[in-house]
Each structure stands twice: as structure tokens, then as C-alpha cells.
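Comments concern the structure below.
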Amino acid sequence: MSIPNDIKITPELVAEHGLKPDEYERILELIGREPTITELGIFSAMWNEHCSYKSSRVWLKTLPTEGPQVIQGPGENAGIVDIGDGQCAVFKMESHNHPSFIEPHQGAGTGVGGILRDVFTMGARPIAALNALRFGDPDHPKTRHLVSGVVAGIGGYGNSFGVPTVGGEVNFHPRYNGNILVNAMAVGIAETDKVFYAAASGVGNPIVYLGSKTGRDGIHGASMASQEFGEDSEEKRPTVQVGDPFAEKLLLEACLELMESDAVIAIQDMGAAGLTCSAVEMGAKGDLGVELDLDMVPCREAAMTAYEMMLSESQERMLMVLRPGYEDHARAIFEKWDLDFAIVGRTTDDLRFRVKHGGDVMADLPIKELGDEAPCYDRPWTETPLPAELGASDVPAPNSLAEALVKMMASPHLCSRRWIWEQYDHLILGNTMQRPGGDAAVVRVDDGPKALAMSVDVTPRYCEAHPETGGKQAVAEVWRNITAVGARPLAITDCLNFGNPERPEIMGQLVGAIKGMGEACRALDFPVVSGNVSLYNETSGKAILPTPAIGGVGLLDDIDRMATIAFKGEDEAILLVGETRGHLGRSIFLQVMHDREDGAPPTVDLAAERRNGQFVRALIRDRSATAVHDLSDGGLAVAVAEMALAGGIGATLDEAPDGVSSHAFFFGEDQARYVVTCSRGSTARILETAGKAGVPMSAIGWTGGDALNLAGEDPIYLDELRRRHEAWLPDYMAGWIED
Amino acid sequence: MKSAIILFPGINRERDMARALRLAGSEEPVIVWHKETSLPQVDLIVLPGGFSYGDYLRCGAIAARSPIMREVVAKAEAGTPVLGVCNGFQILIEAGLLPGALMRNRELKFICRDVHLKVESNDTRFTRQYATGDVIRVPVAHGEGNYFADDETRRRLDGDGRIVFRYCEADGSFSTEANRNGSVDNVAGILNERGNVLGMMPHPEDHVEPHQGSTDGVGIFRSIVSAAA
Amino acid sequence: MKANVTITLKKGVLDPQGKAIEGALHSLGFDGVENVRQGKLIELELPETDREAARAQVEAMCEKLLANTVIESYRIDLV
Amino acid sequence: MKANVTITLKKGVLDPQGKAIEGALHSLGFDGVENVRQGKLIELELPETDREAARAQVEAMCEKLLANTVIESYRIDLV
Ligand SMILES: Nc1ncnc2c1ncn2[C@@H]1O[C@H](COP(=O)(O)OP(=O)(O)O)[C@@H](O)[C@H]1O
Ligand SMILES: [Mg+2]
């Protein structure tokens with residue numbers, strides 16, 4: 001597929017590059033002539049949704065991105081927050097949705113590879129990875145294959161690379177049947193005075209290419225990520241990228257080794273739209289031109305054209321601007337690690353992006369305009385109306401609360417995810433202080449006592465009902481999860497997965513979610529430092545549930561003051577923090593027991609979140625709380641059941657208080673709540689402190705025994721509950737649960 | 001005690017190993033690059049876990065043929081203690097220092113979880129801090145730890161007391177469930193004939209501090225340190 | 001009837017294993033070796049005795065399970 | 001010259017992958033399939049043009065690296 005550079009640019013060709021006619025007009029205006037095909041390719045890469053954020057930019061700007069803890073907000077490969085002692089946490093989340101649907105193993109694996117690269121590009125050593133996954137209906141014929149491929153792909157890459165995959169979340173819903181979501185997050189640690197950025201500086205400095213060779217992988221991958229799927233997308237079978245975690249591990253070590261010297265002026269990984277995006281970004285951010293000589297680019301296939309090299313998405317590659325004189329030093333390090341090293345260009349002072357191949361100039365474009373002049377749309381949007389509240393009396397109570405609880409705990413929505421995270425090495429590096437299965441993962445920094453807590457969350461069914469509430473809730477839930485282990489929430493990254501923004505109702509979902517997120521971030525001092533947007537997640541006009549996944553990071557000063565969800569002993573008091581009204585709209589109870597998804601989502605009271613969270617964190621810090629769990633999907637009964645299973649200790653819960661019906665009390669999903677246990681002796685004191693702090697709190701039962709006793713119900717034996725809770729996923733994956 | 005950790009490209013548990021050795025009282029281990037051809041005088045050579053060469057071709061196969069391995073084999077034959085964990089075990093097997101083979105796990109999936117091991121003998125330089133019959137809890141994290149050996153090799157290993165660790169239940173009983181990767185005779189770790197080379201799939205180096213959930217693995221490192229004293 | 005299925009990566013698809021093996025062969029002194037690619041071989045037996053029917057069955061197995069046709073191609077040999 | 005090396009598990013060596021594939025084929029409805037075994041195929045090119053010399057070289061590669069002769073056997077086809 002050799003593409004000559006002088007090919008005539010037709011409207012069809014423009015359309016195939018995902019550019020609208022008016023966007024093409026703008027290109028003509030900008031450069032004052034018809035572009036070459038290589039130039040068209042470069043524009044299509046820079047101006048597609050994935051790289052330019054043309055539909056979301058105006059709204060992303062409204063998010064709060066600052067705070068005393070923020071060292072680097074959005075705009076770089078990853079966000080950076082201060083964690084004290086001259087160290088910082090570097091993190092970001094990114095989507096790899098479309099590629100994972102087409103080839104789940106490689107798609108998910110390269111997604112992990114991409115986000116790890118974003119983190120170590122900045123000079124940070126990755127210490128943890130997380131992933132947020134959404135699959136279609138378990139009954140859909142493709143779901144099992146996708147789950148198995150995605151999980152194997154994430155594990156295969158992270159395990160080999162050597163980062164612990166410590167957390168994540170999984171949802172199943174028919175609205176993801178044709179568009180699964182694979183969002184990967186990585187967190188790294190760097191020394192604050194040794195972080196690296198993308199902006200080039202200095203004229204005439206060498207630009208070097210590092211890592212693996214360039215092949216014809218994923219050409220048009222970035223454009224693919226911005227196109228709606230049609231029925232025929234499976235036939236198109238675009239070239240997918242194959243990941244090489246081994247090469248990435250070598251790249252990590254080589255980069256960090258080189259960064260110990262003063263050799264690196266600027267660095268940018270080659271992700272979406274590879275060489276094009278990375279080179280343009282380094283130049284444009286540094287107010288410099290860039291000249292590349294493609295004859296120097298290490299290729300693994302013969303006769304690659306300029307067009308192909310500029311758009312290739314081969315993985316495990318980096319671009320650097322080196323300080324002159326350090327070329328040999330850098331080359332020696334990369335050769336030691338058996339990686340390719342080539343000087344492929346230099347910085348210039350003319351603000352042009354010039355690409356030469358075989359002595360000819362294949363592209364010569366104004367570098368700033370490639371980024372700055374990218375289209376930006378304020379797309380029309382319509383607000384999603386808030387659905388009517390669903391009272392508890394509109395939702396039939398189950399015959400048995402105990403049976404309902406077991407059924408919910410054994411459902412695809414709440415069953416144990418062990419089958420997944422046991423395929424991830426979640427212990428490597430020896431710093432995993434909280435393994436998957438709790439509220440937030442906790443990973444110690446070096447030898448401690450400091451640790452990072454992290455969590456990814458969003459409740460798409462709430463976002464579908466009312467995007468603004470859903471956006472708020474997602475941020476609040478991450479904050480709560482981090483709080484529940486005793487950590488101080490620092491900042492978030494996000495991955496905004498939506499349908500086609502050209503439809504006003506979808507655009508309205510995006511706008512609503514961002515508004516809600518922004519409000520929560522402000523109220524909780526939890527700024528956004530990085531993120532990613534994935535639009536056009538639709539098949540044949542049917543969009544996914546709006547899914548603004550939030551990844552948060554918090555700081556735990558001392559791992560000896562950390563809470564876990566497991567009950568610690570017999571005969572401890574169980575306390576409920578927060579107000580329980582019994583909100584059943586959009587609850588898991590409604591979904592599992594009644595196959596319904598209606599009503600309004602629970603209200604998010606950010607002042608209550610903040611107040612209750614601060615109170616719980618204080619209880620953990622002064623060691624009053626022996627176990628802590630935040631309340632989310634499935635409500636109180638599910639939270640207590642999870643605490644009982646984790647500790648291998650049963651519990652007995654009192655009846656619902658007056659004014660709240662039993663099923664609403666046990667299964668309602670009101671926000672800003674936690675379950676806490678403490679010794680009997682300290683209960684009165686704790687309740688009194690809560691009262692003074694204005695935090696609603698009540699004693700609701702005690703721990704002990706080998707069963708869970710919900711007031712007036714038959715006991716649920718933990719062994720049986722555990723068996724049911726653990727069974728669904730492995731049984732489903734083994735094919736024992738029929739489609 | 002002086003120790004050396006051999007670093008092959010793709011190895012990723014060398015830090016965990018170095019920390020475990022430090023905590024057990026070893027001097028800071030020397031890291032030796034695979035392209036080296038000589039080793040310093042040490043009391044222990046460690047081949048840590050990871051994915052040397054991406055585990056491509058066969059786990060450990062390519063690393064076993066790198067320059068430093070000639071020196072490791074020579075030292076092992078001269079009696080220097082050698083510990084290979086996970087990928088390190090696979091490399092020792094590929095290098096011919098230990099018998100048998102490590103195949104894909106029975107269920108073909110990577111498994112990361114805590115397992116129980118029965119210490120079958122404390123009469124080794126690697127296990128003297130345990131009692132024979134002790135059950136310890138340490139994690140595994142591998143996709144290819146399914147130990148295989150022909151009948152004769154197995155009989156010899158067993159007869160010579162060279163099966164040092166077996167996968168077992170918490171109460172020390174043996175079951176298929178406890179032997180998740182499908183190893184023959186529940187084998188988790190074996191010694192060479194001379195008793196100075198131990199290969200094991202589980203990661204004792206990740207259970208050496210209370211915060212990691214257990215300190216059961218530390219006995220191996222303390223045993224090595226005390227044997228070297 | 002016995003069938004041998006050979007599964008290889010499509011042209012242009014990165015083959016990290018092949019790359020690593022090639023590197024290892026070079027450092028073992030087999031300098032000139034190049035274009036090393038790794039594939040899979042699956043041998044199986046099936047009760048079908050008619051060649052055409054057998055081929056069709058194995059093809060169905062390849063499409064449904066044995067090969068990842070996004071990145072791999074396969075060849076069937078009946079023996 | 002090109003060479004194809006096929007590496008298969010020796011008889012008597014348990015093949016977990018083959019077994020798993022067989023199970024999967026059964027659950028996909030290919031009931032009668034049996035004795036599924038998985039092996040490796042390694043394709044490579046070498047500068048040697050003499051067939052005998054080439055075979056000897058590839059044999060050396062197999063013995064030294066490509067096959068684990070404890071559990072695997074190999075076959076070399078020059079093409
Ligand atoms: N939803 C978002 N919220 C905040 N920042 C965002 C969001 N989406 C993208 N960003 C920021 O915009 C910049 C460009 O993102 P992206 O193109 O995804 O990065 P990369 O080039 O590393 O793939 C990044 O700094 C990213 O953090
Ligand atoms: Mg990046």
C-alpha cells in the first residue's frame with residue numbers, strides 16, 4: 001500500500017480522513033494551497049476528536065484544575081500532585097475502547113501500555129495500574145469472549161511490564177453490547193525536581209527516536225477511535241496494534257536511566273497518531289519548528305511511505321529532544337537495553353513542521369496552527385430532565401430480605417471480581433497494602449510509612465438518569481472510597497466515555513456530566529489534573545450509557561493508620577454514618593429484583609459528603625474505627641455483607657428505623673454514607689462526637705457469629721454467601737451459565 | 001552476607017528480592033547485568049522473578065543462554081548457593097541446574113494469590129529456620145508454574161528429599177484445589193542434588209513484612225543468611 | 001481423520017516473540033538468521049472421514065476458536 | 001534459505017493447552033474432536049544455501065535454544 005505524495009485530494013479522500021468539508025476549507029485557508037496526502041494525514045490525525053478534543057474542549061475548560069497540591073494540571077502526558085518529601089504522584093487515565101472491541105487481548109494490552117508510557121514519559125516510575133471496564137449483557141454472544149480477552153490483555157501487559165494492577169471496576173449492561181469500554185489508569189512516583197515535560201527548547205537540538213521499530217500498525221487508529229461503529233465495522237478489521245510489554249519494560253528502564261543525567265530537554269511518547277502528534281506537540285509547546293528526516297526512522301517493514309510513518313501507531317516508541325553533546329551517552333544506554341535509537345530530526349526557529357523523506361519535502365506545515373487552529377465546536381445540547389422520584393412504596397418489598405441480599409450478591413452486578421484480579425499481578429513491588437476487593441487500593445511509597453490510595457468509579461445508570469447528578473456522584477464516590485481507607489483525597493483524572501456528540505441529547509449528557517463533576521471537584525477540593533475523552537461510542541445510532549469514569553488518588557501519611565473493610569473482631573458495634581432515606585430509584589435492588597431501571601438517581605449532597613468524610617477520616621486517624629466501608633451499589637446490607645465476608649465474621653443488624661421501610665433501609669443507595677465498626681466501649685463517645693460534628697450516625701447492630709442476621713430474617717451463613725458471591729463470574733466464564 | 005542478584009532484561013521483581021534480603025540481614029545485594037561474564041565472590045546468587053525476554057519462546061529459555069549464566073552454572077557447580085524464584089526457577093531449569101520443566105498453568109491463566117506451602121524438609125540451607133511440616137503462606141504470581149518431570153526424576157527427587165515445598169491447604173493437607181497450577185505431586189520448589197540450588201515458583205520475598213499480609217517468607221532469607229554466617 | 005492447523009501472524013503484524021528469538025539466535029552466534037516469526041501448530045483428530053466435510057469442520061474451529069483472525073491466518077492440512 | 005521448525009511436546013508429556021483447547025472445542029459443539037495437541041512453529045531465513053549445511057545449522061539452533069529437548073521434539077523443513 002504505497003501512497004505517492006502527489007496523489008490528488010478528492011472530497012472522498014477528505015471524508016475518509018474524517019474531516020468535514022468546512023474543516024478542509026479551513027486547512028486550505030491555513031496553508032494557502034492544496035495539502036499533500038501526507039499533510040492531509042497529519043491534519044486528520046491532529047484534528048480528529050481524539051487528539052483535538054474539538055467537541056469537548058469548551059466544556060473541559062470549566063473544570064477546576066488548581067490547588068496547592070497540584071504541580072501539573074491537564075495539558076501534559078499526565079497530571080502531577082505533590083505528596084510531600086520532595087516526591088510527587090503522576091497519573092492519568094485513558095480509554096482504549098474501540099481497539100478492545102475489535103481485538104480484546106491486544107486492544108486492552110496496548111491500552112495499558114499507552115497509559116504506562118504517559119506516566120514514565122514524565123520521569124515517574126509506575127507503581128500501580130487500575131482499570132474500569134464495561135461490557136455488554138452477559139447474555140450477549142460476544143460478551144464472554146470480550147471479558148476473557150480484555151482481562152488477559154490487561155494482565156498480560158501489566159504483569160510482564162511489572163506494575164501491580166491493584167484496582168478497577170466492572171459493569172455489565174446491554175447498552176455496551178456493541179461498544180465495550182476499557183479505561184486504564186496508571187500512577188507513578190517521581191522526584192518533584194526531576195519531572196520531564198513535552199515542550200522542546202533550543203534551536204538546532206537533536207530529536208531522537210527511541211524504542212521499537214515502526215510498522216504499519218494501527219494506521220488510522222486515532223481516526224477510528226473517533227468514528228461511530230457501523231454494522232460493517234467488524235469486516236473493516238483495521239490493522240490492530242500488537243503490544244510488546246517486554247519492549248516497554250526496557251523502554252521504561254532506559255528512559256529512567258537516561259533521565260538521571262541532564263540529557264533530556266523534552267520527551268513525548270508516541271501514542272495516538274504516533275510520530276505526528278508527538279513531534280508537533282514538542283515543537284508547538286516550545287514555540288519551535290520541527291524538521292524530521294524519515295529516512296532515519298527505524299522501520300520494521302520495507303518501503304514504508306511518509307504517510308504511513310507519520311500515522312503509524314506502532315507501540316513502545318518515544319521521541320526526545322536531547323541536549324546537544326549527549327547523543328552518544330543516550331545511544332549507549334538505549335543500545336544497552338537492546339532498543340532502537342536514531343536521530344531523526346532537529347528543532348528549528350521557523351515554526352514549521354517539515355517532514356522529509358528520500359530527499360523530498362513531504363509535508364511543510366505551520367506547527368502552531370496544527371494544534372491551536374484545530375476546530376473547536378460549541379455543539380448544541382439539550383439537558384436531560386431529572387426523572388421523577390421513585391418512592392419506596394412504588395417498589396415492591398421482597399418476600400425475604402435475606403434471599404434478596406443473596407441474590408444481589410450473586411448477580412453479575414455485585415458478585416466477586418476475584419476471577420479478574422487474580423489474573424493481574426497485584427502484589428509485585430511488594431508495596432500493595434490493600435489488595436483489590438476493598439474500597440481503595442493502597443500502595444506504599446518506597447518503604448513507607450507514606451502510601452497512595454486510589455480508586456476508579458462511576459455509576460453509569462445514575463449518569464443515564466441525570467448526567468449532572470451522575471457526574472457529581474462519580475467524583476463523590478471516588479472521594480469517599482479514598483476517605484474510607486483513611487487517606488486524604490488529592491486530585492482526579494477522568495475518562496469521559498459518551499456517544500455521538502453531534503446529537504444534542506448526547507452532547508447534553510457530556511455537558512451535564514462535566515458540570516456535575518466540576519461542582520463536586522470544587523466542593524471537595526479535588527481538582528482534575530489529567531484525563532481523556534472518548535466519544536462516538538455508538539453502534540447503529542445506539543449510544544452507550546454516559547460513562548464519565550473518575551480515577552482518584554489520595555495520600556495516606558502512615559500505613560499504620562489505615563482502615564480496611566474487614567470486620568476485625570466479634571462483638572464490635574456496627575455504626576452507620578450519614579443519612580438514610582431509603583432511595584431506591586436506579587438502585588441495584590431495583591435492577592436485580594425487579595428488572596427495572598427507573599426513577600431519579602440519589603441526590604448528592606456535597607456538604608454532607610465532605611462533613612461525613614472528614615469525620616470518618618478522623619475516626620480512622622485516631623484509631624477509633626476498626627473497620628470502614630463506604631456505601632454504594634446495593635446499599636447498607638451489601639456493604640455489611642462485604643465486610644463480613646472480608647473478615648470471616650458475621651453480623652446482626654437491627655430493624656429499620658421508624659419511617660423507612662425495610663427494603664429501602666437495607667438496599668437504598670443514599671449517598672455520603674459509611675459503615676464503621678468500633679469496640680463496644682467506645683461507641684457512646686463516638687456517637688457523641690458525631691452529634692457534635694453534625695454528622696448523622698447511629699448504632700445499627702453488632703459483629704459476631706458465622707452468619708449475617710438481618711432483623712427478623714433467617715440467618716445467611718457466610719460460607720454459603722461466599723460460595724454464591726464467588727461463583728458467578730468463574731461459572732459464567734467457564735460457560736456453565738447459559739447465554 | 002554478600003549476595004548478587006542477576007538482572008536479565010524483563011526481570012521485574014529484583015527490588016522485592018533486594019528488600020527481602022536486606023530485611024533478613026544481608027548486605028545490599030550487588031546487581032549483576034546479564035551481559036557480564038564474571039561474578040563477584042558472594043554467599044548467594046539470586047535469579048529473581050519477572051518476564052525475562054518477555055517469556056517469549058519458553059519462560060526462561062533465552063535468559064538461560066545469556067553470557068552470565070555460564071558463570072552462574074560454574075559457581076553453582078563449585079557450591080555457591082543459588083536461589084531462583086518464579087522466572088528464576090524457570091531459568092535454572094532451562095540452564096540445566098534443576099531437572100524437569102515448567103509448563104502453562106492447568107487453567108491456562110495467570111494466577112496471583114496467596115498459597116500455602118508445606119515445608120517438606122528443614123534440612124537445607126534454605127529452610128533451616130522452619131520446622132519440617134510447617135505450613136507457610138506466600139503469594140504466587142505466574143502463568144507457567146505447572147511443574148512436570150518424568151516418573152524416574154520424580155521418584156529420585158522425592159527419595160532424596162529434594163522436594164522442599166509442596167502446595168497444600170492451610171491445614172497442611174494436599175488437594176487438587178491447593179495445587180492450582182497443576183504441578184505433579186504438588187511440587188512448588190526443588191533442590192539440586194548437591195543441595196545448594198533451590199528453585200521455587202512462589203514469592204517468599206513478597207511476604208516479609210506484616211503490612212504485606214504475612215511474614216512467612218522471611219524464614220527462607222534468614223535461613224540463607226544464617227547458613228552463610 | 002487427523003488435521004494439522006498452522007496458525008501464523010498476518011504479514012505486517014508485530015511479532016515480539018519472533019523478534020526476541022532472533023535476537024537470542026544472534027547472540028548465540030547464528031548471525032545471519034533473519035525474519036524469524038513464531039506461529040502455532042495445533043494437531044487434532046476428528047471422527048469425520050470425508051475429507052471435504054472434515055476440512056469444513058476444522059475451518060469452523062479455526063474461525064470460532066483456534067485462530068484470532070484479526071491478526072492471524074491459518075492453514076489446514078489433513079493427514 | 002528458509003526453514004520451518006515445528007516443535008511438539010513429546011508423547012507422554014501432559015499438554016495443558018491442548019487439553020484446554022479440546023475442552024473448548026467440545027463446548028462449542030465439536031464433540032468428536034480428540035487428541036488435541038499444541039505445538040510451535042518457528043519460521044526463519046538463513047544465508048546458507050547448501051541444504052545439508054543449513055539443516056545442520058538449524059539443528060544446532062534447535063538443540064541450543066529453540067526446543068527444550070527434555071519435553072519437546074522438533075522437525076525441520078527446509079523450503
Ligand atoms: N476529560 C478531561 N479532563 C481533564 N483533562 C483532560 C481531559 N481530557 C483530556 N485532558 C487532558 O488533555 C491533554 C491531552 O490528552 P491526550 O491527548 O489524551 O493525551 P496523550 O497525548 O497523552 O494521549 C492531557 O493532558 C489530558 O490530561
Ligand atoms: Mg501521552
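None of the values given here were measured: they were computed from a predicted structure. Labels below follow one simple rule: chain letters A, B, ... track the order of the sequence lines, proteins then strands, and each chain is numbered from 1.
- Taking the ring pair (Phe, Tyr, Trp, His ring centres under 6.0 Å) definition, one finds that Trp419(A) meets it with nothing, sequence neighbours left out.
- The environment of NZ in Lys64(C) is sparse: at most 12 heavy-atom neighbours from other residues, nucleotides or ligands sit within 6.0 Å.
- Between Arg300(A) and Leu14(C), the closest heavy-atom pair is NH2-N, 3.3 Å.
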query: Would Asp244(A) and Lys19(C) count as a side-chain contact (heavy atoms from CB on, under 4.5 Å) if you check the C-alpha gap in whole Å, the side-chain angles of each, and the deciding distance to 0.1 Å?
result: CA-CA 10 Å; Asp244(A) 182 357; Lys19(C) 203 170 92 181; 3.5 Å; yes
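- Neither the backbone nor the side chain of Lys11(C) comes within less than 4.5 Å of any heavy atom in chain A.
- Only the side chain of Asn68(C) comes within less than 4.5 Å of a heavy atom of chain A; its backbone N, CA, C and O stay farther away.
- Of all heavy-atom pairs spanning Gly243(A) and Pro16(C), the tightest one is O-CG, 3.9 Å.
- Contacts of Gln315(A) with chain C are absent, with no heavy-atom separation under 4.5 Å from either backbone or side chain.
- Ile71(C) touches chain A through its side chain: at least one heavy atom from C-beta onward sits under 4.5 Å away, while N, CA, C and O do not.
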